[in-house]
Colleague: 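Structure below; questions to follow.
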Amino acid sequence: MEFKVKDSARRFELWEKSDALKLGMIAAIDYALDVGMKEIEAYNTTIRERLLSNLSSLEGVHVLDQGSRVANIITLRKEGCSLEEMQDHLDRHDVVYSVTRKSNAYIDFDKKQVDWAIRISPHYFNTLEEMDRLASIIESV
């Protein structure tokens, strides 16, 4: 029997747990507690409302989120824009986003008659200026 070190980053994993991830989680928790949970919630509401206000003024942009209590995950589409066009445009402008497909939300997407959406997740480490810039980027697709 021979022991061979993997030639990928997996060689740094320690069984099922990652010490680096644990340390990162501890740092994130400490940072959140230092800022304050109520302050984070209030600021998240502020940046979400800013982004939603900006997006609502853009022609052809549809925010798909519904409900009386929403999170800072915003799903959207733009009329006449394919998923590939949207991804390419956001990538060129260094926007962090993810794509949700109908297979991830079949009932919801079937009801909304869409098969994909862009997910944007602003959080308390983002700025109001970034929300304005993001809306401009989406407008220019």
Colleague: Hey, does Lys78 have a side-chain heavy atom less than 4.5 Å from the side chain of His62?
Modeller: no
Colleague: Is a side-chain N or O of Glu130 found less than 3.5 angstrom from the main chain of Thr127, in a donor-acceptor match?
Modeller: yes
Colleague: Apply side chain to side chain donor-acceptor pair (under 3.5 Å) to Asp7 and list each qualifying residue two or more places apart in sequence or on a separate chain.
Modeller: none
Colleague: Any non-hydrogen side-chain atom of Tyr31 less than 4.5 Å from a side-chain atom of Tyr124?
Modeller: yes
Colleague: Considering only heavy atoms from C-beta outward, does the side chain of Ile74 approach that of Arg48 to under 4.5 Å?
Modeller: yes
Colleague: When you measure from the side chain of Asn72 to the backbone of His123, do you find a donor-acceptor pair of N or O atoms at a distance under 3.5 Å?
Modeller: no
Colleague: What's in the same ILVMFWY side-chain cluster as Val114, cut-off under 4.5 Å, chained through other members?
Modeller: Leu64, Phe109
Colleague: Any side-chain to backbone donor/acceptor pair from Asp65 onto Thr75? Under 3.5 Å, distance only.
Modeller: yes
Colleague: Run through Asp108, Asp110, Ile107 and flag the one making a side-chain contact (heavy atoms from CB on, under 4.5 Å) with Lys102.
Modeller: Asp110
Colleague: With side chains defined as the heavy atoms from C-beta onward, is the minimum distance between Met25 and Ile29 less than 4.5 Å?
Modeller: yes
Colleague: Any idea which heavy atoms bring Gln66 and Val70 closest together, and the distance?
Modeller: O-CG1, 3.9 Å
Colleague: Within the 4.5 Å heavy-atom criterion, are Asp115 and Arg101 side-chain neighbours or not?
Modeller: no
